[in-house]
A.B. asks: 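The following block contains the structure, expressed as structure tokens.
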Number of protein chains: 2
Amino acid sequence: MYLRYLEDLDTRGQKTAASDELAQLCGTTPAQVRKDLSFFGSFGKRGLGYPVHELTARLREILGLEREWKVVIVGAGKIGAALANYRGFKQRGFHVVGVYDNNPDKIGQPWGEAIVRDIADLERDVEREQALIAVLAIPSDDAQQVVESVVRAGIRAILNFAPTQISVPPNVSLKSVNMAMELEGLSFALTNAAGSKGAA
Amino acid sequence: MYLRYLEDLDTRGQKTAASDELAQLCGTTPAQVRKDLSFFGSFGKRGLGYPVHELTARLREILGLEREWKVVIVGAGKIGAALANYRGFKQRGFHVVGVYDNNPDKIGQPWGEAIVRDIADLERDVEREQALIAVLAIPSDDAQQVVESVVRAGIRAILNFAPTQISVPPNVSLKSVNMAMELEGLSFALTNAAGSKGAA
DNA sequence: CTACCTTTGTGAAGAATTTCACAAGCTCAA
DNA sequence: TTGAGCTTGTGAAATTCTTCACAAAGGTAG
């Protein structure tokens, strides 16, 4: 999140940013900003703040955004499309090397810059391409099976949009996003509203 | 999350579920399950577990899913489409009453069951329809402005997909989802991997 | 009815996270 | 060079969240 706003500031030519300013931008507190950043090192200059450009570069490095990551997208539906089209995606070094689906009507169809491939080839392709990240935009029922397949092929991180719990070996990172659950959280907040403000 | 899995169990006809079982399904611990549920009341039977059907109903009530929520989607791009098409959406009582965009090429076009409307009408429509939830699937630059408009019109909760921090009055709930940030989190995990397992 | 098994609900302990508050460091102006 | 004015980095305090562990309660078999 800090990176997101530091890049903005950098683009605008701002040279330094104090923890106060970053806190305001990110919706947190100055103390939190300082604690977070201090975890990775001592980047700031007392009396002045943090050097925007340097810190931006350092955070990119820490996050591993200096290299290119090969990504496969599984599921050629709307969510998959949204992700593949997402500008900030390639910009950040995430290179989509393949889109897969099991629907015969979709296989072979052009899809953005790529062509939808048969999910039967997924495992082989991941292995050949040495892709490390998989995005799952498929129905819940198929999720665990696909996970096992891509893990076997060498995938090391999974971003899961299927609204279900999936399990991965300890050496694979997993992050799940569940849109229905987000909305239900809002429903709860509205139902039990006593002037509650949601978190960002 | 508990609701998600309790519904599954209910469908399969299971009558009761112990905290142990729920924990396993949700990827947490039995103690956590019991603490979480006890916050809202005492639902279980000692020696037996939680009554699946009853608890399901109670959770729906707590989450405010018994009523219908009117939702407007702002931004007729891929993400907006993914959301509008999402089955679990209507199923959960979220009724999309309008889709808006500011692109003249899109306005008036059919879009699923609806027709894309002019964002200029958004404020008026929200007020007339008494919609309470807005989903923002628009570029960052437009986000804050749209927020102010819909809040003025009576929106009480916002699900934001724009990769930017937005601010809302204290009586409005806000939840942001940032796909780029999720991926960057995975990049970090991979870069600093020491057998790190990501959270669900 | 009793003895035993299971599982909840919950105080208390423990861990993690956030906030506080201030010494130390840097800049700038004169 | 000195002093005033900011701002960081960080121990300590406060708060929040998670786990432990066990009494109490329901179920079941005989």
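Order of the sequence lines fixes the chain letters, A, B, ..., with proteins taken first and strands second; residue numbering starts at 1 for each chain. What you see below is based on every heavy atom in this structure, not just the backbone, and it leaves out hydrogens, waters and symmetry mates.
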A.B. asks: Output yes when a side-chain donor or acceptor of A/Gln144 lies under 3.5 Å from a complementary backbone atom of A/Ser167, and no otherwise.
C.D. replies: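 Confirmed, A/Gln144 side chain pairs with A/Ser167 backbone.
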
A.B. asks: According to a strict under-4.0 Å criterion, is A/Ser19 in side-chain N/O contact with OP1 or OP2 of D/dT7?
C.D. replies: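 Negative; the distance criterion is not met.
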
A.B. asks: Closer than 3.5 angstrom, by distance alone: can the side chain of A/Asp101 be matched with the main-chain N or O of A/Ala76 as a donor-acceptor pair?
C.D. replies: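 Yes.
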
A.B. asks: Please give, in whole Å, the distance from C/dT27 C1' to A/Lys15 NZ?
C.D. replies: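 That distance rounds to 17 Å.
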
A.B. asks: For D/dG26, does OP1 or OP2 lie under 4.0 Å from any side-chain N or O of B/Tyr50?
C.D. replies: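 The answer is no; no side-chain N or O of B/Tyr50 sits under 4.0 Å from OP1 or OP2.
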
A.B. asks: Can you confirm whether the side chains of B/Asp118 and B/Tyr100 place a donor and an acceptor under 3.5 Å from each other?
C.D. replies: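 The answer is no; no qualifying pair exists.
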
A.B. asks: Checking contacts here: which listed nucleotide (D/dT8, C/dT27, D/dG26) is nearest the side-chain heavy atoms of B/Arg46?
C.D. replies: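 Among D/dT8, C/dT27, D/dG26, the one nearest the side chain of B/Arg46 is D/dG26.
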
A.B. asks: Return the residues of residues 36-44 of chain A meeting this criterion: a heavy atom under 4.0 Å from some atom of DNA chain D. Order them by number, or give none.
C.D. replies: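 Only A/Ser42, A/Phe43, A/Gly44 qualify.
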
A.B. asks: Are the side chains of A/Ile158 and A/Leu136 in touch, meaning some heavy atoms are under 4.5 Å apart?
C.D. replies: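 Yes, close enough: below the 4.5 Å cut-off.
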
A.B. asks: Indicate whether OP1 or OP2 belonging to D/dC17 is found under 4.0 Å from a side-chain N or O atom of B/Gln32.
C.D. replies: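 B/Gln32 to D/dC17 OP1/OP2: no side-chain N or O under 4.0 Å.
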
A.B. asks: State, without any angle test, whether A/Asp10 and A/Gln14 hold a side-chain donor-acceptor pair at a distance under 3.5 Å.
C.D. replies: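 Judged by distance alone, the side chains do not pair up.
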
A.B. asks: So, A/Thr56 versus A/Glu7: side-chain donor-acceptor pair below 3.5 Å or not?
C.D. replies: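 Their side chains do not contain a donor-acceptor pair, so the 3.5 Å distance test is not met.
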
A.B. asks: Check every atom of C/dC22, D/dA12, D/dG26 against the side chain of A/Arg34 and return the nucleotide holding the closest atom.
C.D. replies: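 When the side chain of A/Arg34 is considered, C/dC22 is the closest of C/dC22, D/dA12, D/dG26.
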
A.B. asks: Mapping A/Ala31 and A/Gly47 to their closest nucleotides on DNA chain D, which lands nearer the 5' end?
C.D. replies: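 Per heavy-atom nearest nucleotide, the more 5' residue is A/Gly47.
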
A.B. asks: Just the rounded figure in Å: distance from P of C/dT27 to NZ of A/Lys45.
C.D. replies: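 So the two atoms are 6 Å apart, to the nearest Å.
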
